[in-house]
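It should be emphasised that the depicted structure is a prediction, and the values quoted were computed from it without experimental measurement.
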Amino acid sequence: MSHSINANISHAFYYTSASYENSEDFAGKVRNLFPYSVQYDLSMETDDAYIKDMQTAERFLHGGGQTYRVCRFFINDLCPDLEAAGFSGWCVLLSYFEESDIISISFHYSLSDTTADKVIAIRQSGVNKKYKFADETYSCSELAEKMRVALGLSEHVEISYLCEITKLGDYTDIDVLEKEEPGLLYGILSGDEGYEFVPEHLVQERLESSWGSRDFIRIYASRQAFLFLNLLNTPRHEAYLKRQTQFGTQIYGGCDPYFYMGECPLTVNHGILFSVEFVMMLKALINEVLTFQTEHSKKKFSSYYRRISATRELRRKIIKVLEKVERTEISEIGELSAMLLVSQHIAPIVDQVKYLLELLEGDLTLVYSERNNLLVTILTVLGLLLAFWQILLAF
């Protein structure tokens with residue numbers, strides 16, 4: 001059976017070691033490269049629907065400020081031919097997470113009345129599919145690479161895929177959808193076009209990591225892919241809006257606009273974008289540690305002082321990012337981030353990485369100390385030889 005689907009999809013590329021002194025330094029570079037870009041600000045007045053949705057979500061979910069410091073730009077310089085691409089919306093978001101020194105380049109777009117096969121195809125090769133821009137055709141991966149080089153970023157990269165489905169056929173109940181179409185959900189999440197022939201136990205295993213604080217939303221995560229079911233315009237969602245309007249009007253004198261956010265390519269509804277960013281920052285930092293360890297084993301004659309400092313800085317970044325989820329005031333957002341951490345098997349890896357960094361720092365400190373001791377010994381011997389030579393000259 002073919003289902004009509006409305007979906008918002010994003011591909012995000014995360015780069016470490018940005019080497020910018022601060023957000024102002026980064027912002028200056030972006031403005032030079034993309035003169036039509038718009039720097040995001042929570043208090044800015046704008047008619048841009050995507051920026052307004054970001055502001056609405058951030059105000060409601062994070063009390064007027066992101067959990068982590070981030071400098072964002074909407075890159076309006078890059079937009080494909082929407083009609084030719086089959087998109088009903090598009091935006092490019094460039095984000096600099098100053099505390100962890102990570103930059104993400106993300107591409108967000110919407111598809112209306114599409115099919116499951118097309119969504120699965122996008123999961124398989126969406127980052128490499130070319131679209132027509134003003135000058136020539138580019139894929140998301142090609143655009144990300146051009147931006148990476150222009151921004152002077154490292155090649156260390158993690159890539160995430162996020163798909164928000166706001167309509168899937170006539171389904172209005174997620175429990176029913178999950179019961180009747182588990183294979184389809186698995187296929188969309190994993191990009192497996194042969195989902196109808198996958199053993200049931202494997203399908204259930206892939207859908208096991210899920211979370212939802214409302215009966216019309218559910219989030220699934222597998223590897224670096226995230227599927228967000230957000231069934232808008234259904235009876236349950238309409239009843240939810242009615243309840244929020246009633247409660248908000250009675251208690252606060254009006255309903256928060258967050259509850260009336262419609263479809264948006266940014267996938268900021270219910271904070272899924274922010275939680276995915278959090279998880280991917282950690283994955284990028286872990287990848288940086290492993291790369292750093294490999295390079296450490298090859299560089300026998302580099303500055304040990306610098307490498308000790310770099311090791312401590314990596315551990316500080318990881319701990320700093322982990323602290324953020326514990327400070328999230330809305331419990332649902334903290335629970336979502338925690339679920340995503342479990343789904344990505346990050347928690348045990350983080351413990352191992354922190355232990356690895358401690359060992360690496362100890363090793364570097366020991367070698368640095370031994371080198372210093374050797375240098376002191378050499379200088380002492382040279383001093384004695386010089387004194388002996390002066391005595392001989394005296395005779």
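Under the 4.5 Å side-chain contact rule for hydrophobic residues, Ile188 and Val176 share a cluster. Residues Phe247 and Tyr260 do not share a hydrophobic cluster, clusters being chains of Ile/Leu/Val/Met/Phe/Trp/Tyr side chains in contact below 4.5 Å.
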Q: Please lay out, stage by stage, how Leu229 and Leu177 fare under the test side chain to side chain contact (heavy atoms under 4.5 Å, CB included).
A: CA-CA 10 Å; Leu229 299 181; Leu177 171 57; 3.8 Å; yes

Q: Quick one: do Ile174 and Asp215 satisfy side chain to side chain contact (heavy atoms under 4.5 Å, CB included)? Show the steps, please.
A: CA-CA 7 Å; Ile174 288 183; Asp215 56 11; over 6 Å; no

Q | Derivation and outcome, side chain to side chain contact (heavy atoms under 4.5 Å, CB included), residues Met54 and Leu273 | A | CA-CA 10 Å; Met54 176 74 80; Leu273 174 67; 4.3 Å; yes

Q.
Leu93 vs Phe73, test: side chain to side chain contact (heavy atoms under 4.5 Å, CB included). Steps then yes/no.
A. CA-CA 6 Å; Leu93 194 61; Phe73 278 86; over 6 Å; no

Q: Could you walk me through whether Glu164 and Thr267 pass side-chain hydrogen bond (donor to acceptor under 3.5 Å, both in side chains), step by step?
A: CA-CA 7 Å; Glu164 175 189 20; Thr267 60; 5.4 Å; no

(Q) Set out, in order, the CA-CA distance, both residues' side-chain angles and the distance that settles ring pair (Phe, Tyr, Trp, His ring centres under 6.0 Å) for His237 and Phe259, then state yes or no. (A) CA-CA 10 Å; His237 182 254; Phe259 297 104; 9.8 Å; no

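Between the side chain of Asn32 and the main chain of Gly28, a donor-acceptor pair closer than 3.5 Å is present. Looking only at distances, no side-chain donor or acceptor of Arg69 sits under 3.5 Å from a matching main-chain atom of Glu99. Panel note: side chain Gln124, backbone Gly191; a donor-acceptor pair is recorded below 3.5 Å. Looking at Arg123, its side chain never comes within 3.5 Å of a backbone N or O of Tyr161 through a donor-acceptor pair. The closest donor-acceptor contact from the side chain of Gln55 to the backbone of Met44 lies under 3.5 Å. Judged purely by atom type and a 3.5 angstrom limit, Ser112 has no side-chain atom pairing as donor or acceptor with the backbone of Asn6. Of the possible polar contacts, none joining the Thr166 side chain to the Leu232 backbone as a donor-acceptor pair under 3.5 Å is found.
Side chains of Ser110 and Asn8: a donor on one and an acceptor on the other come within 3.5 Å. Remark: the Asp41 side chain and the Ser43 side chain contain an N/O donor-acceptor pair separated by less than 3.5 Å. Donor-acceptor pairing under 3.5 Å is recorded for the side chains of Tyr138 and Glu136. Donor-acceptor pairing under 3.5 Å is lacking for the side chains of Gln224 and Ser160. In this model, a donor atom of one side chain and an acceptor atom of the other lie less than 3.5 Å apart for Asn128 and Ser141.
Using a 4.0 Å cut-off between a side-chain N of Lys or Arg and a carboxylate O of Asp or Glu, Lys167 and Asp113 qualify as a salt bridge. Salt-bridge formation is detected for the pair Glu277/Arg72: a Lys NZ or Arg NE/NH1/NH2 atom is positioned less than 4.0 Å from an Asp or Glu carboxylate oxygen. Using a cutoff of 4.0 Å between basic side-chain nitrogens and carboxylate oxygens, Glu142 and Lys130 are scored as salt-bridged. Taking 4.0 Å as the cut-off between side-chain N and carboxylate O, Asp81 and Lys132 do not count as a salt-bridged pair.
Across all non-hydrogen atoms, the minimal contact from Leu207 to Tyr220 is O-CD2, 3.6 Å. Taking every heavy atom of both residues into account, Arg236 and Thr172 meet most closely at CG-O, 4.5 Å. Residues Ala150 and Lys29 share a closest heavy-atom pair of O-CE, 3.2 Å.
Taking the six-membered ring for Trp, His270 and Phe60 have ring centres at least 6.0 Å apart. In summary, the aromatic rings of Tyr240 and Phe216 are positioned with their centroids under 6.0 Å apart. Between Tyr131 and Phe87, the ring center distance clears the sub-6.0 Å criterion.
For Arg218, the salt bridge (charged side-chain N to carboxylate O under 4.0 Å, His left out) partners at least two apart in sequence or on another chain are Asp175, Glu178.
Between the CD1 atom of Ile165 and the CG atom of Leu185 there is a distance of 7.5 Å, given to the nearest 0.5 Å. In this structure, CD1 on Ile219 lies 12.0 Å from OG on Ser209, to the nearest 0.5 angstrom. Distance NE2/His108 to SG/Cys264: 9.0 Å, rounded to 0.5 Å. The CE atom of Met147 sits 11.0 Å away from atom SG of Cys140, with the distance rounded to the nearest 0.5 Å.
When side chains are defined from C-beta on, Val119 does not count as touching Leu111, because their heavy atoms never get closer than 4.5 Å. Counting heavy atoms from C-beta on, the side chains of Val70 and Glu58 never come closer than 4.5 Å.
Residue Tyr96 forms a ring pair (Phe, Tyr, Trp, His ring centres under 6.0 Å) with just one option from Phe26, Tyr14, Tyr15, and that option is Phe26. Among Tyr40, Tyr36, Phe34, the one residue that satisfies the side chain to side chain contact (heavy atoms under 4.5 Å, CB included) test with Phe74 is Tyr40.
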Enumerate donor-acceptor pairs with a distance under 3.5 Å from any side-chain N or O in residues 248-257 to protein atoms, sequence neighbours excluded.
residue : atom : partner : partner atom : Å
Thr249  : OG1  : Thr245  : O            : 2.7
Asp256  : OD1  : Tyr258  : N            : 2.8

